[in-house]
Number of protein chains: 2
Amino acid sequence: MPSLSNDYHHGNLRHSLIEASLDLIDREGLEALSLRRLAEMVGVSRQAPYHHFRDKQALLAAIGERGFVQLNCNLQKVVEDESAPLDQRLYQAVLNYLDFALANPALYELMFGRVLWREQDDHQDTHDFQRYAKDCFRQYVRLFDLLKAQGLLPETDNSLRLAQLLWAAMHGLAKLAGDGLFVKREDLAEIARYTLARFRPSTPLQ
Amino acid sequence: MPSLSNDYHHGNLRHSLIEASLDLIDREGLEALSLRRLAEMVGVSRQAPYHHFRDKQALLAAIGERGFVQLNCNLQKVVEDESAPLDQRLYQAVLNYLDFALANPALYELMFGRVLWREQDDHQDTHDFQRYAKDCFRQYVRLFDLLKAQGLLPETDNSLRLAQLLWAAMHGLAKLAGDGLFVKREDLAEIARYTLARFRPSTPLQ
DNA sequence: CAGTGTACTTGACAGTGTCAGGATGGCGCC
DNA sequence: GGCGCCATCCTGACACTGTCAAGTACACTG
């Protein structure tokens with residue numbers, strides 16, 4: 001067990017680096033994230049991070065993983081909230097996703113950035129990262145399964161396809177609103193309802 | 001008018017740089033694009049590009065603009081193809097979009113990358129760039145307007161909202177399939193039909 | 001108490017965007 | 001025709017990046 005009060009051995013550098021990264025990208029954006037600057041922030045030499053991350057990509061994967069864990073935790077609470085009716089849970093799961101994306105634009109950009117998703121890369125870090133991401137996605141499949149089981153969706157509907165489509169729409173909306181291309185931010189909630197109406201035209205949402 | 005056969009004055013460097021950029025990112029991805037390397041490819045000094053682009057960002061905007069012009073041209077042909085029924089045109093417009101995104105992943109990434117869409121930036125280049133992007137988007141609004149005019153969609157539907165939603169879904173699908181996160185590439189066409197069915201449940205598509 | 005390994009350090013290198021200032025050469029004006 | 005203008009291009013320099021190599025400090029194990 002490493003001692004925590006030590007000038008030379010930092011104690012838990014890995015954790016500190018991830019924390020500092022989140023802070024940095026939140027304040028200055030993803031492109032401001034550099035290993036050297038990070039090392040300086042944490043008060044350590046430029047090469048020290050390499051004892052905890054194989055390279056920059058591995059650090060990025062760890063940060064992204066953190067994001068997915070947080071998002072997953074968030075969604076899980078919504079999906080398993082027995083006190084709310086299922087269609088309200090679905091609506092809330094969409095809103096929470098969009099909130100998360102808009103509240104952490106840089107982190108969201110990283111989580112779905114191309115760097116972490118190209119196939120070539122077969123290192124353990126990115127495998128872990130992608131596993132956590134898929135856990136997140138599965139929350140939506142599960143929600144649609146529940147809706148079907150409760151008769152709120154026809155049995156013939158395909159939960160996987162619905163989840164893929166819903167996720168695609170959410171991701172697109174997050175991009176549109178977050179970067180302000182074809183959607184004004186204040187219209188987002190209305191569009192979210194508009195979206196869900198296409199999935200379950202029967203019930204009104206507020 | 002500059003002479004074209006000249007060692008010192010390149011003649012039409014701006015165009016050559018954009019062309020070389022497209023070639024490079026197509027072969028090696030977006031992160032391989034550097035001004036210095038580009039200059040070398042074109043056979044010019046590293047500072048020469050700065051006489052045609054204010055900085056790297058301006059070059060990126062020009063490349064992205066090129067992408068939007070191409071996409072817009074592509075869509076316009078589909079939308080105005082009088083020989084096809086409107087619902088088929090819509091379907092084709094979706095397929096063409098997805099094809100474009102999957103065939104030019106690096107260019108697509110650039111076109112919708114965060115670098116070119118943050119608001120702060122108020123230079124002419126990015127304004128032009130964003131104008132072309134919006135032209136593209138308007139093709140879809142127009143298509144929905146046509147569908148309404150022809151009675152294929154209820155008058156109460158909002159073309160803008162429909163276009164926003166459809167575009168969001170397409171963008172999300174392009175991401176999902178292109179980077180292979182939650183969607184297999186071969187399922188994409190089916191999901192595209194699934195998507196459109198949510199917009200106009202009445203007609204079958206093939 | 002020697003020694004081993006982990007966490008950390010400094011030095012070095014190639015590559016990046018971009019600022020400053022100098023060279024070249026085609027064009028219009030006297 | 002000669003001259004200057006100025007767009008176009010060049011070289012030098014700087015601060016910054018990721019990362020390899022090789023050294024140092026410290027904790028723990030025999």
Side-chain angles (χ1 to χ4, degrees), chain A residues 1-18 20-21 24-25 28-63 106 110 113-116 118 120-121 123 125-126, chain B residues 1-18 20-21 24-25 28-63 106 110 113-116 118 120-121 123 125-126:
Chain A
M1 195 185 307
S3 61
L4 289 167
S5 54
N6 188 319
D7 271 16
Y8 192 80
H9 285 60
H10 180 281
N12 77 12
L13 185 53
R14 187 189 157 94
H15 185 263
S16 301
L17 285 170
I18 296 181
S21 300
L24 184 58
I25 65 176
E28 303 192 27
L30 199 52
E31 71 283 358
L33 181 69
S34 90
L35 285 175
R36 293 173 104 110
R37 196 162 159 202
L38 224 47
E40 197 187 13
M41 282 174 69
V42 176
V44 97
S45 88
R46 70 219 127 109
Q47 203 68 357
Y50 282 90
H51 287 262
H52 302 269
F53 302 100
R54 198 175 20 81
D55 54 11
K56 189 179 184 182
Q57 171 110 352
L59 169 66
L60 295 179
I63 303 169
L110 171 59
R114 206 122 203 298
V115 232
L116 295 178
R118 41 182 174 208
Q120 51 173 74
D121 198 350
H123 286 290
D125 316 301
T126 58
Chain B
M1 193 187 306
S3 61
L4 288 168
S5 53
N6 188 319
D7 272 15
Y8 192 80
H9 284 60
H10 180 282
N12 132 12
L13 184 53
R14 187 189 158 95
H15 186 263
S16 302
L17 285 170
I18 295 181
S21 300
L24 184 58
I25 65 176
E28 303 191 27
L30 199 51
E31 71 284 357
L33 182 68
S34 89
L35 284 175
R36 295 173 104 111
R37 196 162 161 202
L38 224 47
E40 196 186 15
M41 282 174 68
V42 176
V44 96
S45 88
R46 72 219 126 108
Q47 203 68 355
Y50 283 89
H51 287 265
H52 302 270
F53 302 99
R54 197 176 19 83
D55 53 12
K56 189 179 184 182
Q57 171 112 350
L59 169 67
L60 294 179
I63 302 169
L110 171 59
R114 205 121 202 299
V115 233
L116 295 178
R118 42 181 176 209
Q120 51 174 70
D121 198 350
H123 286 289
D125 316 300
T126 57

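No experiment lies behind these values; they were computed from the predicted model shown. Naming: A, B, ... by sequence-line order, numbering from 1 per chain.
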Would you kindly give the [atom1]-to-[atom2] distance between [X] and [N], to the nearest whole Å?
X: B:Leu33; N: C:dG15; atom1: CG; atom2: P; value: 16 Å
X: A:Tyr50; N: C:dA7; atom1: OH; atom2: P; value: 17 Å
X: B:Phe53; N: D:dT8; atom1: CZ; atom2: C1'; value: 14 Å
X: B:Arg14; N: D:dA7; atom1: CZ; atom2: P; value: 16 Å
X: A:His15; N: C:dA7; atom1: NE2; atom2: P; value: 17 Å
X: A:Leu59; N: D:dT17; atom1: CG; atom2: C1'; value: 14 Å
X: A:Leu24; N: D:dT17; atom1: CG; atom2: P; value: 10 Å
X: B:Leu17; N: D:dT8; atom1: CG; atom2: P; value: 13 Å

Next item on the list: Take B:Gly43 and B:Arg46, find for each the nucleotide of DNA chain D with the closest heavy atom, and name the residue whose nucleotide sits nearer the 5' end.
Entry: B:Gly43
Taking side-chain contact (heavy atoms from CB on, under 4.5 Å) as the definition, give me every residue that meets it alongside [X], ordered by chain and number, with sequence neighbours left out.
X: B:His15; value: B:Asn12, B:Glu19, B:Arg66
X: B:Ala58; value: B:Phe53, B:Arg54, B:Asp55, B:Asp125
X: A:Arg37; value: A:Leu24, A:Glu28, A:Ala32, A:Ser34
X: A:Leu116; value: A:Gln57, A:Leu60, A:Ala61, A:Leu110, A:Phe129

Notebook entry, point to check: Shortest non-hydrogen contact from A:Leu33 to A:Lys56?
Noted result: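 Looks like O-NZ, 3.0 Å.
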Checklist line | Close residues, residues 34-42 of chain A, relative to DNA chain C [heavy-atom separation under 4.0 Å] | finding: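 Of all residues in residues 34-42 of chain A, the ones placing a heavy atom under 4.0 Å from DNA chain C are A:Arg36.
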Minimum-distance nucleotide (side-chain atoms of [X] versus [options]):
X: A:Gln47; options: C:dT18, D:dC20, C:dC8; answer: D:dC20
X: A:Val44; options: D:dT19, C:dC8, D:dC9; answer: C:dC8
X: B:Ala48; options: C:dT18, D:dC9, D:dT19; answer: D:dC9

Checklist line | Under-4.0 Å side-chain N/O to phosphate OP1/OP2 contact, A:His52 with C:dT6 | finding: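 The answer is no; no side-chain N or O of A:His52 sits under 4.0 Å from OP1 or OP2.
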Side-chain donor-acceptor contacts of residues 39-47 of chain A below 3.5 Å, not counting sequence neighbours, with atom names and distances?
from	atom 1	to	atom 2	distance (Å)
A:Ser45	OG	A:Gln47	N	3.4

Check: Using the C1' atoms of the five pairs at each end, what is the angle between the end axes of the helix from C:dC1-D:dG30 to C:dC30-D:dG1, to 10°?
Finding: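 The angle separating the two end axes equals 10°.
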Next item on the list: State, with a plain yes or no, whether a side-chain heavy atom of B:Leu59 is found less than 4.5 Å away from one of B:Pro49.
Entry: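 No, their side chains stay 4.5 Å or more apart.
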